[in-house]
Every structure is written in C-alpha cells, then in structure tokens.
There are 2 protein chains.
Amino acid sequence: MTRPQTTRRKRANGVESRQRILDAAVEIAGERGYEGTSIAAVSAKCGLPASSIYWHFKDKDDLIAAVIERSFETWLTALVLPGEETGTPLERATAMAANVAKALVDAPDFLRLGLMLALERRPVEPRGRTVFLQVREISRRRIGEVIRTLAPDLDEDAAHTLADYAVAGADGLFIHREIAGDAFDLVAMFALHARLVYEAALRMTARSGG
Amino acid sequence: MTRPQTTRRKRANGVESRQRILDAAVEIAGERGYEGTSIAAVSAKCGLPASSIYWHFKDKDDLIAAVIERSFETWLTALVLPGEETGTPLERATAMAANVAKALVDAPDFLRLGLMLALERRPVEPRGRTVFLQVREISRRRIGEVIRTLAPDLDEDAAHTLADYAVAGADGLFIHREIAGDAFDLVAMFALHARLVYEAALRMTARSGG
DNA sequence: CTCCAATTGGAATGATCGCTACAGCAAGAG
DNA sequence: CTCTTGCTGTAGCGATCATTCCAATTGGAG
C-alpha cells in the first residue's frame, strides 16, 4: 500500500487511458443518453478493449458517473468568476451570468448530459444523476445567496422563488442553444436573464418593503 | 379502400390495442428515454405480443413518433385558452401562461419526452425529435405574436429575443418541476415568468421608442 | 356454410448488450 | 534473474435487443 512517490506511471498507459475512455464516453453519452451509451461503442471510439474499461471503472453506471464528475470539473475550470470591484451590482450580476454562459459554451457536456439524466426517471437511479442533482442544488443555493446579497431586503420566500427561477431559466436557455445552435447568443441571453431577475428582485423588494 | 361506415371495430381489438400500446410506450419512454424503450418492455406492460406492436407500427422509431404525436394532442386537449375579455393585458398574459402550466401538470409526457429527444444528438435523428422540434418552433412563433400584440411598439429583434426567452424559461421551469416534484408550483412560476417577460417588453419598448 | 381481412400468439432470427475469465506483456522492485 | 503490479487482448458468457415469420383466431361479408 505504500505507493512510491517517484514518477512511475509510464509502463503501459494508465492515467492517459482513463482520459481516453472518458473522452469517448462523454461524446457518446452526449449523443445517445445513458442507455444508448454501449461499452462496445466507447471501446471502439477510444481504441481500448472492453476489459480496459472495466479495469478502470466498476461498471457502466460508474463510468457514466465519472463522466459527469469530470465534465463538471472541466466546466468549473472554464468558469472564471469576475472580481468584486467591477461596477454596479447589476453589472456584476450580468457579468457573472455572462461568464457562466461562456463556460457553458466552452464546456457544454456537463449540463447537456446532466439534464438528459435528470429527465429520466428509471427505477434504479443512475449515480451520475444523483451527482448532477447535487451539483445543481448547490448552484441553486449559491444563486440564492447572490440574490440575497444584491437585494438584502428581499424576504426569504421571494429570494427562494427567484433562485429557482434563475436556475430554471439557465437550464432552459442552455437547451434552447443546444437546439438552435450557434445562432443563439447564449452569453447575451444569460446577461438578459440576469438583468430580468435582478430587476424583479428590486421590484419585489419595493413591493413588500414599502 | 371504401371503408364501411357501419360501426365495425369489435372483432379483435384494433383501435383499443393501439391505445394500450401507446399508453405503455409513453410510460416507458418517459422513464428511460428513446434507447431505453424496448419493444419487449412495452409488450409486457400492455399485455400484447411484439407482433401486435409491429402490426400497428412500422418500427420502434415509428412507435416513438406516434407517442410524441399523441401526447402532444393530449396536452393540446388539456390546454384551455382564456377568453379575450378578461382584464388588463398583463392579466391576460399571466392567465394564458398559467393555463399552459396547468396543462403541463396534467399532461407532462409531451414536453418531458420531447425534451429528452431534443437533448439527444444521435447520427440518425429520430422522427419523434423532428416532430417535437417543429411543434416547439410553432409555439415559439405564437408566443412571439402574443408579445407583439401586447407590446406593439417593440422592435422585431427584441420581440424575437423575448420569444426565445419565454419558451426557454418555460422549458426550464418545467424541468425544474420534474426534478423538484409537486413542491414546485409550476402554475405560479409560469405566471411570474409571464409577468417578467411582459414587464421586460414594456421596458424595452420605452427604451427604444422614447 | 365459405372466404377474407384484421389481429393475436408464439417462436425464432442474428445482432448486440453488459460483463467476466484469463492469458499475455511491460516495467519497477528485490 | 524472478516476482509482482498494472494494464491490454481475446474470447466468450447468458441475456436482451429489434425485427420477422407464420400459424391460429375471430368476426363480418358473400
């Protein structure tokens, strides 16, 4: 169990093979969904035999979960959050939304696959679906915090509702871009979305507070 | 070809069998997606042998397309559009959105399955996906017309953008309800969505027009 | 009755499914 | 050198896949 810290990882393939398998799997799963992702197809696409896939991953469910996890990390890496001294609160909110949209354009696999899994309701839930829903829930809470920061006088229910509305809108806009293609400017639409949510928060505050 | 108009449809099953097959198929397809819908599973659920399914439908793709078409008709039947003399334009818009949401709660299969198919990008596109995208495009145009009616001075680009935003929001809110369950009040959220879009249209009109 | 068309039942097709068993090979450790 | 570990290659397991074939069955038309 004492693993040697000297740089040994060169004898066959190892880490690189795992990446190749995940690369192939994310492509096929994004095309055909959970059930449509066959081990044989992944094997053919990455050039490694099925036994290698099963050496790296326990079973198909484990593979899909790993795909979700890695594509989420890829998306997180692509996501650059702006500094805090940018301008008005509205400008900061729209800039943040625009950066999320940019990351989604650069790394769409996470949300595409996650939404596919989220819409399915099979008797035994795939682990990848659970992972996605957890990440989604965390995002929802974070958006809720941002909303409460930007509109501190908003009551709890309204902030919760607006956070739900914000994530739902993000999902919907992403899907619309997946359908409509590059012609749909996701970054601009996310900025618009952020503005509408922000203005709604202001109006709701004024209504309940005054 | 001269089909007898006397009520003969009683000898084996015919029309009823077709409905039973579609009932089973919509349930399984809504659970497991396109690839996960096996003829054997549909056969087991509806009690009819596979040969009956293939007598009624050309192949699996034809079956899924029929499922989409019928669930769309079911949704259209559940959709009651309000009369035109209800109140302010805003009230009419929110009432319309609420009715769409109610129909989605009562008949969610169409949008659930349609979005599942829409997210997939398999090399040979299922006919059901094409059907769904066409219906969706028609809806988008209709929403654009409503927006132009409610905000006649809005320029064409802004109306188009808001129509995209409206359908995307509807999709996203629907998905959020599929994930969160009955605790998420889809009708109220659709009403809120309609209000935000409406107010955005007014603001955009004021900005460009004045 | 006979005949025909509409359905169903059941069995079978070859292909593909997820997954496993196991031998082979390359390289670091002793 | 040998031994172990990490990974690949081949073959194959039983199950299930979409689809087809064809022999019943059933009720209306003649």
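From a predicted model like this one, the values you see are computed outputs, not experimental measurements. Below, chain A is the first sequence line, B the second, and so on; all start at residue 1.
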Exercise for the section: Decide, yes or no, whether a salt bridge links B:Arg112 with B:Glu178 under the criterion of side-chain N to carboxylate O below 4.0 Å. Expected result: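 Looking at B:Arg112 and B:Glu178, the cut-off is met.
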Handout entry: Side-chain ion pair, B:Asp185 and B:Arg177, N-O less than 4.0 Å
Key =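 So B:Asp185 does not pair with B:Arg177 through a salt bridge.
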Calculate the interatomic distance between [X] atom [atom1] and [N] atom [atom2]; express it in whole Å.
{"X": "A:Gln19", "N": "D:dC7", "atom1": "CD", "atom2": "P", "result": "13 Å"}
{"X": "A:Lys58", "N": "C:dT20", "atom1": "NZ", "atom2": "C1'", "result": "14 Å"}
{"X": "A:Ile39", "N": "D:dC17", "atom1": "CD1", "atom2": "P", "result": "17 Å"}
{"X": "B:Ile53", "N": "D:dA18", "atom1": "CD1", "atom2": "P", "result": "10 Å"}

Practice task
State the CE-CD distance between B:Met116 and B:Glu35, to the nearest 0.5 angstrom.
Solution key: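 If we round to the nearest 0.5 Å, B:Met116:CE and B:Glu35:CD are 11.5 Å apart.
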What nucleotide among [options] has an atom nearest to a side-chain atom of [X]?
{"X": "B:Asp59", "options": "C:dT8, D:dT8, D:dT19", "value": "D:dT19"}
{"X": "A:Trp55", "options": "C:dC19, D:dT20, D:dC7", "value": "D:dC7"}
{"X": "B:His56", "options": "C:dC19, C:dT8, D:dA18", "value": "C:dT8"}
{"X": "A:Tyr54", "options": "D:dT8, C:dC17, C:dT20", "value": "C:dT20"}
{"X": "B:Pro49", "options": "C:dC19, C:dG9, D:dT8", "value": "C:dG9"}

Practice task
Scan A:Thr37 against the nucleic acid and name what it touches under 4.0 Å (heavy atoms): base, sugar-phosphate only, or nothing.
Solution key: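 Sugar-phosphate only.
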Practice task
Would you classify A:Ser51 as touching base, sugar-phosphate or nothing, given that sugar-phosphate means primed atoms plus P, OP1 and OP2, and contacts are heavy atoms under 4.0 Å?
Solution key: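 It contacts base atoms.
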Practice task
Check whether any side-chain nitrogen or oxygen of B:Ser52 sits under 4.0 Å from OP1 or OP2 of C:dT8, and answer yes or no.
Solution key: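 True: B:Ser52 side-chain N/O within range (under 4.0 Å) of C:dT8 OP1/OP2.
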Handout entry: Nearest-nucleotide 5' precedence on DNA chain C, A:Ala41 against B:Ile21
Key =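 That would be B:Ile21.
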Handout entry: Aromatic B:Tyr34 / basic B:Lys60 pairing, under 6.0 angstrom, 45° off normal
Key =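 Verdict for B:Tyr34: a cation-pi partner in B:Lys60.
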